[in-house]
Amino acid sequence: MAQPLEQIAGSVETITFRNEETGYTVLSIQPIAERQGDKRRVTVVGKCATVWVGEELTATGCWIEDPRFGRQFKAESIICVAPTSVEGIRRFLSSGLIRGIGPVLAEAIVKRFGTDTIHILDSRPDRLREVPKVGRKKCEMIRKSWSDQRQSHETMIFLQAQGIGTGTAARIWRRYGSDAIAIVKRNPYRLAEDVRGIGFLTADQIALRMGIAKDSEMRAEAGLLHCLNRAAEEYGHVYLKESELFLAANEALDISVETLAVALKADAERGVVTLEEDRVYLYEHFEDELKITERLTKLVRSKPKFRPIMADKAVAWAEEQMRISLASAQWKALMTALSNKVSVITGGPGVGKTTIIKALASVYRARKLRVFLAAPTGRAAKRMAESTGFPATTLHRLLKYQPQNGKFLYNLENRFQGDVFILDESSMLDATLTRNFLNALPDEAVLIFVGDTDQLPSVGAGNILGDIIASGVVPCTHLTTIFRQDASGLIVRNAHRVNQGEAFEVPAPGATSDFYFVEAQDPQKIQELLLKFMTERIPAKFKFDPLQEVQVLTPMRRGELGTDRLNALIQAKMNPSGETIWRGSTPFRKDDRVMQIANNYDKEVFNGDIGFVQMVDSDAHSLVVCFDGRFVEYQADELDELVLAYATSIHKSQGSEYPAVIVLMHTQHFKLLRKNLIYTAITRGKKLVIVIGSSKALWIALHAEAESIRQTTLAQRLKQSLEG
């Protein structure tokens, strides 16, 4: 039988613990004597929007007996207000909350104004100059800080009343400031457009809770954008046909096509979507394609600053310098790249792409030209540098993001100072990143795309490498012959077998190999095998460090074999204890392998970057992560940018390469099982690949229809622009 609810009130003495993400708080209060009848401190636990020492609160809940901490008041709701007693006001101002007020000045202010202090700060802050040693400058500092804190406090309380978590509410406050309440009341769907971590579904819940009608035009306008964004995120589409969009929105929103048609027109009029024939684009994706077409056309038609290179002599020189003999396909690739302003080199693992990149860089550098090697991710750039011996960087770092204005340093108005740009892992390029990069290229630059079109396409919208090749207007060399020295190993052979729709070749029983397939049907058995291989058999037989060198790859995030569950199991096995901070249900500890899941230009860490936790401060609820030698600090409200990465999705592994990889493959992944998924997974392994799963799942992947072609119009635009 549930306990009857009680109410207690008091002044906040100390805040023992607070999770800024969830709002969960442990604090002690001094009960108000008139209401409580005694002066003993009371421990209160519960969720509240925001709380400060010295505030007065009213909590509704019931008493519990905690086995560790004794008697506590477990609150279902906590309402905080500014203190009314002289002592409460003094402690409130002494807490360091208000810039310019410390304990001594707090004492002086309360001595001068007593219980009127809060009213003075709210309505007549100029009167603070009546307090000794408070001049005009100090008075203005206090006024502004007090105003900001009051507005922040009111905003946080309002947002939590709408069901918004504390961490998300803090981001809303940082985005909108004192206008937050007005903006959310006027149009809560703006949150989905403006605030990281809030999608349409969350904004929709807030809107419906605030009484906005399900069939309102405001909801329809936001819902159409949601459907276009979902098509881009889930399928990589740059556009949807109008009929497809209306069907998707009608199913998702239960709004009539007539209302959706009116909303689409409104979205177009305010410039957030673009209509072209029967296609509907998000405005930024439409602009991406136009600008990419414009910049590539300009690059192709412009002449380089340097005099033409005698390609045949340059290739012969590269062979001599590198002490290798190039095959005819490699000769052709080098000749094509050296003879054209823009070109493409594509092919699978072991076909010599790295050798060609190294040869190109050597030739151009010998001519004293400024050569830049880059890739979409940090791991891909690092691998490019290690394999070629030349410096390489990510495109984001090459563009140099400027946090003060939210833009890249290099752009249309401020171009790179360079002659030759070679991009590896170009299959990972999405439309937006490609547009920003091409904008920054000088018209005279030489540009070479290198990539593998058989891998999974980019996470973001677009099919850049595939569209450039399909346009037929940029010279392309497709390498197929395997040259890599480890071609005799099964990793490379099986990658090509998968591409051709053939089952794995496996080593003879008892033979040592770089590739193994372990048959297992039951998900729990797969989990057991995974932990055994990762923590025992691989370290013992192959001497790989399970923390640093073994990566688990799986198709999905959810489910028994999804990344969430696997990370929890592996962490419990490999790193079960130590100082811990929590983000939701995820614990982070020193030495944990973690992944950044959002581009953070201020910290210069990007989606897919993997690092290791170096330090955990549970008191400050912060941690430090090392990304390839760079130490980056994360505060409490930034932890949602990190996930554990002992196991990661195959999509997230693109551009990375690991000494050893364990790939999980099960029929519960059937919706995602495709040749390019398995191909991408096994080509992430450099020295060892172990696939654990069922032959049936492999059969499904090899025989599944290809993923729906990404809906883009870049190939047509390029063809029309360069042939027209």
Side-chain angles (χ1 to χ4, degrees), residues 196 232-233 236 284-285 287-288 291-292 295 357 370-386 388 390-418 420-442 445 447-451 455-462 464-465 594-611 625-634 638 640-643 645 648 651-657:
R196 179 181 58 80
E233 292 167 1
E284 58 266 28
H285 290 162
E287 285 294 300
D288 286 341
K291 296 301 181 185
I292 290 169
R295 293 297 303 134
I357 293 173
R370 295 164 293 182
V371 182
F372 290 87
L373 275 58
T377 68
R379 284 296 176 106
K382 184 178 181 182
R383 186 154 57 92
M384 191 182 190
E386 289 172 348
T388 64
F390 295 112
T393 185
T394 64
L395 289 175
H396 291 98
R397 292 194 176 99
L398 190 63
L399 287 161
K400 291 189 178 176
Y401 180 75
Q402 305 295 289
Q404 63 270 25
N405 58 20
K407 298 179 180 179
F408 290 112
L409 174 64
Y410 294 107
N411 49 47
L412 272 172
E413 288 72 42
N414 181 37
R415 307 280 182 84
F416 295 130
Q417 297 297 307
V420 178
F421 294 80
I422 305 174
L423 299 189
D424 198 9
E425 297 289 356
S426 295
S427 63
M428 298 178 65
L429 291 171
D430 63 35
T432 301
L433 181 58
T434 304
R435 171 189 176 182
N436 281 305
F437 171 69
L438 293 178
N439 279 345
L441 277 187
L447 174 59
I448 302 156
F449 295 99
V450 183
Q455 283 191 34
L456 290 168
S458 63
V459 175
I464 301 303
L465 185 62
V594 294
M595 177 184 285
Q596 175 80 13
I597 58 170
N599 289 337
N600 188 319
Y601 296 101
D602 295 340
K603 296 181 184 297
E604 289 194 351
V605 286
F606 304 101
N607 192 355
D609 284 357
I610 286 181
V625 179
C626 179
F627 293 98
D628 291 327
R630 291 183 61 251
F631 292 88
V632 180
E633 184 173 3
Y634 289 80
E638 298 172 321
D640 60 341
E641 295 184 7
L642 293 175
V643 294
T648 188
H651 281 82
K652 288 285 189 183
S653 73
Q654 284 179 269
S656 297
E657 195 173 59

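For clarity, every value in this text was computed on a predicted model and none was experimentally measured.
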Check your understanding: Do any N or O atoms from the side chain of Glu233 and from the backbone of Gly460 form a donor-acceptor pair under 3.5 angstrom?
Key ->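 A pair under 3.5 Å: no.
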**Study point:** Check: Pro457 main-chain N/O paired with Gln654 side-chain donor or acceptor under 3.5 Å
**Key:**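 Yes, Gln654 side chain to Pro457 backbone: donor-acceptor pair under 3.5 Å.
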Exercise for review: Could you tell me whether Lys603 sits above the aromatic face of Phe627, with NZ or CZ closer than 6.0 angstrom to the six-membered ring centre and within 45 degrees of the axis?
Suggested key: no
Would you say the side chain of [Y] lies within less than 4.5 Å of the side chain of [X], judging by non-hydrogen atoms?
{"X": "Leu642", "Y": "Met595", "value": "no"}
{"X": "Arg397", "Y": "Phe606", "value": "yes"}
{"X": "Tyr634", "Y": "Val625", "value": "yes"}
{"X": "Lys652", "Y": "Val459", "value": "no"}
{"X": "Ile357", "Y": "Val450", "value": "yes"}
{"X": "Phe372", "Y": "Ile422", "value": "no"}
{"X": "Thr432", "Y": "Thr434", "value": "no"}
{"X": "Leu429", "Y": "Leu395", "value": "yes"}

Euclidean distance, [Y] [atom2] relative to [X] [atom1], rounded to 0.5 Å:
{"X": "Leu441", "Y": "Leu447", "atom1": "CG", "atom2": "CG", "answer": "6.0 Å"}
{"X": "Arg435", "Y": "Asn411", "atom1": "CZ", "atom2": "CG", "answer": "11.5 Å"}
{"X": "Thr377", "Y": "Glu425", "atom1": "OG1", "atom2": "CD", "answer": "7.0 Å"}
{"X": "His651", "Y": "Met428", "atom1": "NE2", "atom2": "CE", "answer": "11.0 Å"}
{"X": "Leu373", "Y": "Thr393", "atom1": "CG", "atom2": "OG1", "answer": "10.5 Å"}
{"X": "Asn436", "Y": "Leu412", "atom1": "CG", "atom2": "CG", "answer": "9.5 Å"}

Check your understanding: Going through the distances and angles, do Phe421 and Val371 end up as a side-chain contact (heavy atoms from CB on, under 4.5 Å)?
Key -> CA-CA 6 Å; Phe421 294 80; Val371 182; over 6 Å; no
Nearest atoms (heavy-atom pairs only) where [X] meets [Y]:
{"X": "Leu465", "Y": "Ser427", "result": "CD2-N, 3.8 Å"}
{"X": "His396", "Y": "Pro376", "result": "ND1-O, 4.1 Å"}
{"X": "Ala381", "Y": "Ala392", "result": "O-CB, 3.4 Å"}
{"X": "Gly418", "Y": "Pro442", "result": "O-CG, 3.5 Å"}
{"X": "Ser653", "Y": "Thr648", "result": "CB-CG2, 4.5 Å"}

**Study point:** Check against side-chain contact (heavy atoms from CB on, under 4.5 Å), Asp424 and Phe449
**Key:** CA-CA 6 Å; Asp424 198 9; Phe449 295 99; over 6 Å; no
Point to revise | Side-chain H-bond candidate by donor/acceptor type, Tyr410 with Gln402, under 3.5 Å | key: no
Check your understanding: Any idea how Phe408 and Tyr401 line up, ring-wise: parallel (<30°), tilted (30 to 60°), or perpendicular (>60°)?
Key ->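 Correct class here is perpendicular.
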Exercise for review: Report the C-alpha distance between Arg379 and Asp609 in whole Å, list the side-chain angles of each, state the deciding distance to 0.1 Å, and finish with yes or no for salt bridge (Lys or Arg N to Asp or Glu O under 4.0 Å).
Suggested key: CA-CA 7 Å; Arg379 284 296 176 106; Asp609 284 357; over 6 Å; no
Review point. Can you name the side chain to side chain donor-acceptor pair (under 3.5 Å) partners of Arg370, sequence neighbours left out?
Key: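 Arg370 satisfies side chain to side chain donor-acceptor pair (under 3.5 Å) with Asp419 only.
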